[in-house]
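For reference, the structure discussed in these notes is given below.
By convention in this document, chain letters (A, B, ...) are assigned in the order of the sequence lines, proteins followed by strands, and residues within each chain are numbered from 1. Values reported hereafter were calculated over all heavy atoms of this structure, with side chains retained and with hydrogens, waters and symmetry mates removed.
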Amino acid sequence: MARHLRPLIRGKTISAVDVRRARVLRPTPPQIFCRTLRGAKFTGLSRRGKYLLFQLRGKTAGQPISLLGHLGMTGRIFLAPKGRRLPKHTAVALDLGASRLVYEDTRYFGRLTLDTAVVCRLGPEPLEDEFNVATFARTLKRSRQAVKVKLLDQGVVAGIGNIYASESLFRARISPGMAANKLTVTQVRQLRLAIRAVLAEAIEFGSTVPLNWGGNQPDGLFYFGRAPEAPDFYAERLRVYDREGQPCPNCGQPIKRITQAARSTFYCPHCQRV
DNA sequence: CACCATGTTCCTTG
DNA sequence: CCAAGGAACATGGT
């Protein structure tokens with residue numbers, strides 16, 4: 001998403017701010033949000049974990065502004081022509097001249113805010129050098145929680161959600177119920193590599209999906225891999241997630257579904273025994 | 001009607 | 001102080 005949007009918004013100036021659901025700005029007050037962004041210019045866009053970090057320069061003093069975005073479970077951010085009708089669950093629309101940057105979110109779980117405090121609580125970036133075996137092992141040693149549940153903790157390593165937690169453990173052949181502090185160093189090493197491979201592949205997949213939703217596109221959520229326009233070979237992209245009862249791609253035994261911390265976990269009981 | 005859903009944060013309990 | 005579990009948030013799909 002960051003790679004897709006970066007070139008589209010760079011250099012664009014916000015001429016008007018339309019907030020339709022103030023909830024997604026939390027905790028920034030709507031007034032502050034609008035006043036800060038009106039007249040500001042986009043200078044860059046980066047990502048940290050699941051967060052998008054928009055960089056801008058303010059209207060009056062050209063002061064640097066950080067705008068933080070999170071898509072929650074159902075959020076989408078896209079550029080649409082000004083004339084087009086906004087989708088039903090549009091939370092914020094930023095006027096950029098001929099086009100608009102639209103943030104829409106059916107469930108309004110996501111955020112678009114000036115408060116960037118959450119990013120300093122995030123663990124290492126999984127694809128950077130800071131995510132190393134020593135740190136990862138030390139963090140896991142401190143917890144008796146099931147490793148699957150621990151992977152959802154963004155303070156351990158940033159950016160793994162419920163889908164890729166199951167996928168990573170399957171790839172590492174580790175049982176999701178295993179206590180985090182019981183993993184051997186070999187398993188920690190395998191898990192780290194699995195996480196990297198799974199996420200790198202997911203980003204690669206994302207780059208093949210057209211993200212130019214304009215409200216008239218299918219409701220594809222690109223990271224779920226169900227966008228109808230996605231290339232065919234990605235149908236098999238997720239090996240265990242949402243595949244209860246289907247044969248394991250390794251051994252053919254049926255994939256199981258269990259509940260951990262009130263979330264679904266999918267795994268192969270044969271391939272992931274320890 | 002019941003149950004499920006890609007995420008985070010707050011509250012309670014230990 | 002921390003860990004862990006559960007509810008809450010809000011809407012839509014099956």
Side-chain angles (χ1 to χ4, degrees), chain A residues 1 20-28 47-53 68-77 86-92 103-113 115-123 126 138-170 176-182 195 198-199 201-203 205-206 209 211 213 215 218-228 230 234 237-245 256-266:
Chain A
M1 180 65 84
R20 311 182 147 222
R21 275 284 180 142
R23 171 184 152 78
V24 306
L25 311 184
R26 65 196 183 278
T28 305
R47 179 196 59 75
R48 181 79 171 85
K50 301 175 193 173
Y51 294 90
L52 292 166
L53 278 163
L68 174 134
H70 192 296
L71 300 175
M73 290 202 274
T74 53
R76 303 199 295 185
I77 296 179
L86 291 169
K88 182 177 175 188
H89 297 294
T90 298
V92 179
Y103 170 61
E104 70 131 339
D105 186 356
T106 316
R107 287 167 77 179
Y108 305 106
F109 281 2
R111 290 207 296 160
L112 191 64
T113 178
D115 178 28
T116 60
V118 283
V119 296
C120 59
R121 293 203 292 269
L122 294 175
R138 208 178 319 129
T139 311
L140 294 177
K141 271 280 175 270
R142 283 193 274 122
S143 172
R144 270 163 296 193
Q145 232 174 359
V147 60
K148 154 63 164 42
V149 178
K150 210 59 206 164
L151 287 183
L152 297 179
D153 181 346
Q154 302 299 297
V156 174
V157 49
I160 302 174
N162 202 40
I163 294 173
Y164 298 130
S166 283
E167 293 297 317
S168 299
L169 287 166
F170 173 72
M178 189 170 181
N181 62 357
K182 295 292 187 200
I195 288 167
V198 162
L199 293 182
E201 203 175 292
I203 290 170
F205 162 75
V209 178
L211 299 175
W213 302 293
D219 279 347
L221 298 170
F222 74 98
Y223 49 91
F224 198 79
R226 296 298 164 85
Y234 285 115
R237 189 172 74 90
L238 303 178
R239 317 260 173 96
V240 290
Y241 183 80
D242 204 19
R243 289 187 181 277
E244 183 181 17
K256 273 198 72 171
R257 175 193 146 154
I258 58 171
T259 298
Q260 294 180 291
R263 319 285 309 271
S264 287
T265 299
F266 299 87

NA contact type, [X], heavy-atom cut-off 4.0 Å: base, sugar-phosphate, or nothing?
{"X": "A/R257", "value": "sugar-phosphate"}
{"X": "A/V118", "value": "sugar-phosphate"}
{"X": "A/F109", "value": "base"}

Tell me which nucleotide among [options] gets nearest to the side chain of [X].
{"X": "A/Y108", "options": "C/dT11, C/dA4, B/dT8", "result": "C/dT11"}
{"X": "A/Q145", "options": "C/dA4, C/dG12, B/dT9", "result": "C/dA4"}
{"X": "A/N162", "options": "C/dC9, B/dG7, B/dC4", "result": "B/dG7"}
{"X": "A/R107", "options": "C/dG12, C/dA10, B/dT9", "result": "C/dA10"}

Q: Determine the Euclidean distance between corresponding C1' atoms of B/dC1 and C/dC9; express it in Å to zero decimal places.
A: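 Looking at atom C1' only, C/dC9 and B/dC1 are 22 Å apart.
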**Q.** Nearest-angstrom distance, P atom, B/dC11 to C/dA10
**A.**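 B/dC11 and C/dA10 have their P atoms separated by 16 Å.
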Q: Decide side-chain contact (heavy atoms from CB on, under 4.5 Å) for A/Q154 and A/R121; before the verdict, give the C-alpha distance in whole Å, the side-chain angles of both, and the deciding distance to 0.1 Å.
A: CA-CA 8 Å; A/Q154 302 299 297; A/R121 293 203 292 269; over 6 Å; no
Q | Pair partner, B/dG14 [Watson-Crick or wobble, under 3.5 Å] | A |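 By the stated definition (distances under 3.5 Å), C/dC2 pairs with B/dG14.
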Over how many whole Å does the gap from [X] atom [atom1] to [N] atom [atom2] extend?
{"X": "A/H89", "N": "C/dC9", "atom1": "NE2", "atom2": "P", "result": "18 Å"}
{"X": "A/R23", "N": "B/dT8", "atom1": "CZ", "atom2": "P", "result": "14 Å"}
{"X": "A/R121", "N": "B/dG7", "atom1": "CZ", "atom2": "C1'", "result": "14 Å"}
{"X": "A/L152", "N": "B/dT9", "atom1": "CG", "atom2": "C1'", "result": "15 Å"}

